Amino acid sequence: MTNAKKIVVIGAGVAGLTSALQLSKKGYDVTIVAKFMPGDYDIEYTSPWAGANWMSFVKDNQRLANYDRITYGVFQRLVRECPDAGIWPQRCITYVRPEDLDKQSDLLGGLLDARPWFADLVGNFTMLDPSTLPKGYCQGIAYDSVCINVQVYLPWLQSQCFANGVKLKVITLKHIKEAVNLHASGYKADLIVNCTGLLASKLGGVMDSKIYPGRGQTVLVRNHAPAMYNVSGTTDGEDELTYIMSRPGGGTILGGCYQKGNWNGAVDPNLAERIIRRSLELCPELEKDFPLDIVRHNVGLRPSREGGPRVELEDLDGVGKVVHNYGAGGAGYQSSYGMADHVVELVGRAFKE
C-alpha cells in the first residue's frame, strides 16, 4: 500500500480521461471505472461522436473562458510535441448573417461578436473584410485553431493515462457509492471524481435533473476542406447548424444540428441531405478533386446541462468527498484541460479540509 491518495474517476470519455491524466501527474493513485472505454461506440458514450475542434463560444463567463484558454495552450503544445495525438493546426473561419447579429444564442454565444474574448489568445486573429465574405454574410473572423480526430485522440489519451500508472476497470455502476470500493489497489478510495456526462442524470446519488442531450448529426466524407468553417445560422430551422472540419489523418466532418432534449440515436436522412447541401454551398472546394464521397453518417449526444458545466466539490453521505466534472455540452474537448485542472485544484482542497 502506497501513501498516495487513492482516487476513483467515474467515466472514460474526454472529461474522465483528462481528469485522470492530470491527477496522475500530481502523484495521485488513480483508477478509472467506466461503462465504456475508447474503442466502444454507444449513444450514451458521447466523446467518440464529437467533431472535434477548438472554437470557443463563451460569452461573458470568465470561468468558462478560462477553461478554454488553458485547453487552447495545451492543444498548441500537443500539436508541436505529440504528432501521434491526432491534433493538427487549422484555420477556423466564422461567418455571421445580418439577421443573427442581435441574436442571443447559448450555442454560438461570443462567436457572434465582431471581436470575441479570445481574439488576443489565438494566433493570427483577423476580422474579415465584409467585401470578401460569401453572399448573405455581413461579418466574419478567422484565426489559428486545431481540429481533433477523436478516433485517434481518445486512445492516445488513454495510453497517456496508462503510462502514468492509471488503471481502468470496465463496469456499470448503479449508484455512485459503489465506486468507493472499486479502486484497483483493493483499498477504499479516498475521493471520487464524477465524469459521467449524460449518465449523471441516471446515476444513483447524483441524478442531476439539469442534464439534457444536445443531439447532433454529422456526415463524414473523404473529401478535404481548406479550413474549418461555421456559420451563425441557417434557413432550415433554429436547431440546424452548418460547420465543416477536416480531420488529421483524412476525412471531413460536415454538420449539423443542436436538438435540445432529443435522445434519438437514429440518422435522419432528410437532415443529412440538408447538411450536405449547406456544406457544399458554403465550401464548394470540398468537391475540388472528386465528388462528395460519404464514409458514414453519425449521430451523437452532447452532454449538456442547464446553467453550464458542473465542476464542484461535494461531501456525499455514504460516499465521502466527490468532485464533479460533467455537463460541458459541445465544449467537452475545447474545455477539457481547463476543467481537469479545476478538478485537480478541488481535489487538493478536499484533502486539505
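Computation of the quantities below employed the complete heavy-atom set of this structure, encompassing side-chain atoms and omitting hydrogens, waters and symmetry-equivalent molecules. Here the structure is a predicted model, which means the values were calculated and not measured.
The cluster map of Ile, Leu, Val, Met, Phe, Trp and Tyr, joined by side-chain heavy atoms under 4.5 Å apart, puts Val122 and Tyr95 in different clusters. Linking Ile, Leu, Val, Met, Phe, Trp and Tyr whenever their side-chain heavy atoms come within less than 4.5 Å puts Ile176 and Ile211 in one cluster. Hydrophobic clustering, with ILVMFWY side chains joined whenever heavy atoms are under 4.5 angstrom apart, keeps Ile253 apart from Val299. The cluster map of Ile, Leu, Val, Met, Phe, Trp and Tyr, joined by side-chain heavy atoms under 4.5 Å apart, puts Leu203 and Leu191 in different clusters. Tyr326 and Met207 fall into different hydrophobic clusters, defined by Ile, Leu, Val, Met, Phe, Trp and Tyr side-chain heavy atoms under 4.5 Å apart, directly or through other members.
The closest side-chain heavy-atom distance from Glu44 to Leu198 is not below 4.5 Å. Side chains of Asn230 and Met55 form a contact here, defined as non-hydrogen atoms less than 4.5 Å apart. When side chains are defined from C-beta on, Asp40 does not count as touching Pro48, because their heavy atoms never get closer than 4.5 Å. Contact annotation: the side chain of Met228 approaches that of Cys92 to within less than 4.5 Å [non-hydrogen atoms, C-beta and beyond]. The shortest side-chain heavy-atom distance between Arg69 and Phe118 does not fall under the 4.5 Å cut-off. At least one side-chain heavy atom of Ile43 sits under 4.5 Å from a side-chain heavy atom of Leu301. Between Pro116 and Phe125, some side-chain heavy-atom pair lies under the 4.5 Å cut-off. By the 4.5 Å heavy-atom criterion applied to side chains, Asn298 and Leu220 are counted as neighbours.
The minimum heavy-atom distance linking Asn194 with Val322 is given by the pair CB-CG1, 4.2 Å. Minimum interatomic distance between Val206 and Ala200 (heavy atoms only, all atoms of both residues): CG1-O, 3.5 Å. Met339 and Tyr67 get closest at one heavy-atom pair: CG-CD1, 3.4 Å. The heavy-atom pair separating Ala142 from Leu128 by the smallest distance is CB-CD2, 4.0 Å. Gln217 and Tyr243 make their closest contact through O-OH, 4.5 Å (heavy atoms, listed as atom of the first residue, atom of the second, distance). Nearest heavy-atom pair across Ile93 and Ala227 is CD1-CB, 4.0 Å.
Here Glu306 does not pair with Arg310 in a salt bridge; the nearest charged N to carboxylate O distance is not below 4.0 Å. In this structure, Asp315 pairs ionically with Lys321, as a charged nitrogen and a carboxylate oxygen lie closer than 4.0 Å. The existence of a salt bridge linking Asp239 and Lys260 is excluded, since no basic side-chain nitrogen approaches an acidic carboxylate oxygen closer than 4.0 Å. At a threshold of 4.0 Å, the pair Arg91-Asp144 counts as salt-bridged, since one of the basic side-chain nitrogens sits closer than that to a carboxylate oxygen.
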Item to complete: Determine, step by step, whether Asp190 and Ile7 satisfy the side chain to side chain contact (heavy atoms under 4.5 Å, CB included) criterion, reporting the C-alpha distance in whole Å, the side-chain angles of both residues, the deciding distance to 0.1 Å, and the verdict.
Response: CA-CA 6 Å; Asp190 297 302; Ile7 296 176; 5.8 Å; no

Item to complete: List the steps, then state whether side chain to side chain contact (heavy atoms under 4.5 Å, CB included) holds for Ile244 with Leu282.
Response: CA-CA 9 Å; Ile244 298 171; Leu282 177 63; 4.1 Å; yes

Item to complete: Give the intermediate values and the outcome of side chain to side chain donor-acceptor pair (under 3.5 Å) for residues Ser304 and Tyr258.
Response: CA-CA 11 Å; Ser304 305; Tyr258 189 94; 2.8 Å; yes

Practice prompt. Apply the test side chain to side chain donor-acceptor pair (under 3.5 Å) to residues Ser201 and Asp208: give CA-CA distance (whole Å), side-chain angles for both, the deciding distance (0.1 Å), then the verdict.
Written response: CA-CA 5 Å; Ser201 65; Asp208 191 336; over 6 Å; no

Practice prompt. Evaluate the criterion side chain to side chain contact (heavy atoms under 4.5 Å, CB included) for residue pair Asn181 and Val8; output intermediate values, then yes/no.
Written response: CA-CA 9 Å; Asn181 296 310; Val8 168; over 6 Å; no

Fill in: Candidate pair Leu154 and Ser47, rule side chain to side chain contact (heavy atoms under 4.5 Å, CB included), full reasoning
CA-CA 8 Å; Leu154 285 175; Ser47 290; 3.9 Å; yes

Worksheet entry | Residue pair Thr252, Asn223: steps toward the side chain to side chain donor-acceptor pair (under 3.5 Å) verdict | CA-CA 6 Å; Thr252 298; Asn223 309 66; over 6 Å; no

Worksheet item: Could you walk me through whether Asp113 and Lys59 pass the salt bridge (Lys or Arg N to Asp or Glu O under 4.0 Å) check?
Response: CA-CA 9 Å; Asp113 296 340; Lys59 185 178 179 69; 2.9 Å; yes

Discussion item. Go through it in stages, so that I can follow the logic: the residues are Glu314 and His324, the test is side chain to side chain donor-acceptor pair (under 3.5 Å), and I'd like the CA-CA distance, side-chain angles, deciding distance and then a yes or no.
Written reply: CA-CA 8 Å; Glu314 182 180 19; His324 299 282; 2.7 Å; yes

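Annotation: cation-pi pair Lys35/Tyr45 absent, no NZ/CZ under 6.0 Å from the ring centroid and within 45° of its normal. Cation-pi contact between Lys6 and Tyr28: absent, since separation from the ring centre below 6.0 Å together with deviation from the ring axis within 45° is not met.
Using modelled atom types, one side-chain atom of Thr132 and one backbone atom of Asp129 make a donor-acceptor pair closer than 3.5 Å. Put simply, the side chain of Arg305 never gets that close to the backbone of Gly327: no donor and acceptor are under 3.5 Å apart. The backbone N or O of Gln334 lies less than 3.5 Å from a partner atom in the side chain of Thr71, making a donor-acceptor pair. Between the side chain of Arg247 and the main chain of Ala52, no donor-acceptor pair closer than 3.5 Å is present. The backbone N or O of Lys174 lies less than 3.5 Å from a partner atom in the side chain of Glu178, making a donor-acceptor pair. In terms of modelled atom types and a separation under 3.5 Å, the side chain of Ser246 and the main chain of Ala225 share a donor-acceptor contact. Put simply, the side chain of Asn149 gets close to the backbone of Gln151: a donor and an acceptor are under 3.5 Å apart. For Thr31 (side chain) and Ala184 (main-chain N/O), a donor-acceptor pair under 3.5 Å exists by modelled atom type. Judged by distance alone, the side chain of Trp49 and the main-chain N or O of Asp42 form a donor-acceptor pair under 3.5 Å. The closest donor-acceptor contact from the side chain of Arg215 to the backbone of Asn264 lies under 3.5 Å.
Other residues, nucleotides and ligands place more than 12 heavy atoms under 6.0 Å from the NZ atom of Lys169. More than 12 non-hydrogen atoms from other residues, nucleotides or ligands lie less than 6.0 angstrom from CG of Asp84. Heavy-atom contacts from other residues, nucleotides or ligands closer than 6.0 Å to CD of Glu238 number 12 or fewer.
With hydrogens and angles left out, the side-chain atoms of Ser56 and Trp117 include a donor and acceptor closer than 3.5 Å. With 3.5 Å as the limit, one finds no donor-acceptor pair spanning the side chains of Gln139 and Arg97.
Taking the centre of each ring, Trp263 and Tyr212 stay at or above the 6.0 Å mark. Ring centers of Tyr72 and Tyr337: at least 6.0 Å apart, outside the cut-off.
In this structure Arg115 satisfies the side chain to side chain donor-acceptor pair (under 3.5 Å) test together with Asp120, sequence neighbours excluded. When the side chain to side chain contact (heavy atoms under 4.5 Å, CB included) test is applied to Asp236, the partners found at least two apart in sequence or on another chain are Thr234, Glu240, Arg274, Arg277, Arg278.
Atom CG of residue Asp29 and atom OH of residue Tyr187 lie 11.5 Å apart, to the nearest 0.5 angstrom.
Classification of the Tyr153-Trp156 ring pair by plane angle, with boundaries at 30° and 60°, yields parallel.
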